[in-house]
Amino acid sequence: KKKQVKVLRSMKALVAEDVVIGQYKSHTKGGYAYPGYTDDKTVPKDSITPTFAAAALFINNARWDGVPFLMKAGKALHARRTEIRVQFRHVPGSLYNRKFGTALDRATNELVIRVQPDEAIYLKINNKVPGLEMRLDSSNLNLLYKARYSKEIPDAYERLLLDAIAGERRLFIRSDELDAAWGLFTPVLKELEEKKIIPEFYPYGSRGPVGAYYLAARYNVKWGDLGIDE
C-alpha cells in the first residue's frame with residue numbers, strides 16, 4: 001500500500017488536454033432504439049454530465065519516465081469488461097519492418113490481464129508463420145480461468161464482502177491513497193466544471209467518443225478493444 005501511495009504522489013499533474021470526456025446519445029440498431037443519457041426522465045435535457053472519460057497519465061520516476069498510462073471507462077459502451085493491457089514497444093531494426101502479413105502496428109505484443117468477465121491472462125505475440133516465407137501472424141498464449149479451473153470463481157463484490165467480514169484490508173484503499181488519488185484528479189475535474197466543457201457525444205453501444213482514439217494516437221498507443229483478439 002505504501003508503494004501505491006508513492007506512485008500516486010509521483011504522478012505528473014493531469015491536464016485537461018490529456019482528458020477526453022463523452023456522453024452517450026440515442027442510437028437505433030437492429031430495429032431497436034436505445035435511449036440517450038438525457039432521455040432519462042431524471043436527467044436535465046441540457047445536462048453536460050460525462051458518461052465516459054479517457055485520460056493519459058505519466059509517472060515521474062526513472063523506471064516509467066515517458067511511458068504513457070492510458071485509462072478509460074464509460075457507460076453504454078459496446079462491451080462490459082475490466083482489463084489491464086501492457087503493450088510492448090517494437091524493437092528497433094526489426095527483420096519484419098516491411099509488415100509482411102499482419103500489420104505490426106495493429107498487432108503489437110501485449111500482456112492482457114482480464115479482470116472481468118471471463119477472467120483470463122494471455123500474451124499476444126507476433127510469430128513467424130512456419131515455412132519459407134517471411135510472414136508474421138498474431139497468436140495468443142492463453143490462460144482462460146473458466147476453461148482451466150472447473151470451480152466457480154467468486155464475484156468481485158462477493159470477495160470484497162468476505163474480506164470485510166474477515167477484517168482483510170489488502171484489497172481496500174487506505175485514506176492516504178484515496179487522498180493522493182483525488183489530489184491528482186480534482187484540479188482537472190474542477191477545470192472541466194468551471195469551463196463547462198461539453199462532452200463529446202457517442203452512440204449508445206459504440207466504442208466511445210472519437211476523441212479518445214486521437215488521444216491514444218498522440219502517444220502512439222492503441223486501445224485494446226480494437227485488437228484482433230476481439
Side-chain angles (χ1 to χ4, degrees), residues 3-4 7 10-12 14 17-20 22 52-74 77-150 153 156 200 202-203 205-230:
K3 292 292 185 181
Q4 291 175 216
V7 168
S10 299
M11 298 193 77
K12 180 181 176 182
L14 184 61
E17 290 74 17
D18 281 334
V19 176
V20 173
F52 174 98
L57 302 105
F58 295 85
I59 302 174
N60 285 331
N61 62 22
R63 171 172 289 184
W64 301 110
D65 182 41
V67 177
F69 288 80
L70 269 69
M71 304 172 60
K72 71 172 180 176
L77 298 177
H78 75 294
R80 183 180 181 184
R81 66 174 57 175
T82 303
E83 61 185 17
I84 302 166
R85 288 179 175 259
V86 181
Q87 296 183 353
F88 299 100
R89 291 174 175 172
H90 299 312
V91 296
S94 172
L95 294 174
Y96 303 91
N97 59 3
R98 282 187 284 173
K99 300 181 182 179
F100 290 98
T102 300
L104 293 182
D105 288 336
R106 293 178 55 195
T108 183
N109 292 349
E110 284 186 305
L111 173 63
V112 182
I113 303 170
R114 185 182 300 148
V115 180
Q116 62 178 352
D118 298 328
E119 293 85 349
I121 300 174
Y122 61 94
L123 186 65
K124 289 176 57 182
I125 61 169
N126 292 309
N127 61 279
K128 181 183 179 299
V129 176
L132 301 179
E133 295 180 274
M134 293 288 283
R135 190 163 63 90
L136 290 179
D137 190 18
S138 183
S139 301
N140 287 359
L141 304 179
N142 195 352
L143 169 59
L144 182 61
Y145 276 69
K146 68 178 183 181
R148 179 65 178 84
Y149 303 103
S150 58
I153 300 174
E200 180 183 345
Y202 62 96
S206 68
R207 297 176 188 271
V210 174
Y213 296 93
Y214 284 107
L215 174 66
R218 192 194 313 165
Y219 294 107
N220 198 28
V221 176
K222 291 186 180 294
W223 294 113
D225 57 5
L226 289 180
I228 63 173
D229 58 327
E230 283 293 295

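Atoms considered below: every heavy atom in the structure, side chains included; atoms not considered: hydrogens, waters and symmetry mates.
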Non-hydrogen side-chain atoms of [X] and [Y] separated by less than 4.5 Å:
| X | Y | answer |
| --- | --- | --- |
| I121 | L111 | yes |
| K124 | R85 | yes |
| N126 | F88 | no |
| N220 | Q87 | no |
| D18 | R218 | yes |
| F52 | L77 | yes |
| Y202 | E200 | no |
| S206 | H78 | no |

For [X] and [Y], work out which heavy atoms get closest and say how close.
| X | Y | answer |
| --- | --- | --- |
| E119 | L144 | O-CD1, 3.7 Å |
| R80 | P117 | O-CD, 3.1 Å |
| G211 | V20 | O-CG2, 3.6 Å |
| F58 | V67 | CD2-O, 3.6 Å |
| Y219 | A56 | CE1-CB, 3.7 Å |

Distance, nearest 0.5 Å, that separates [atom1] of [X] from [atom2] of [Y]:
| X | Y | atom1 | atom2 | result |
| --- | --- | --- | --- | --- |
| N140 | L123 | CG | CG | 8.5 Å |
| I84 | E110 | CD1 | CD | 13.0 Å |
| K12 | N61 | NZ | CG | 13.5 Å |
| W64 | M11 | CH2 | CE | 11.5 Å |
| L215 | L70 | CG | CG | 5.5 Å |
| N109 | N127 | CG | CG | 9.5 Å |

Report task. Please check if the side chain of W223 supplies one atom and the backbone of A212 the other of a donor-acceptor pair under 3.5 Å. Result ->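 Yes, W223 side chain to A212 backbone: donor-acceptor pair under 3.5 Å.
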
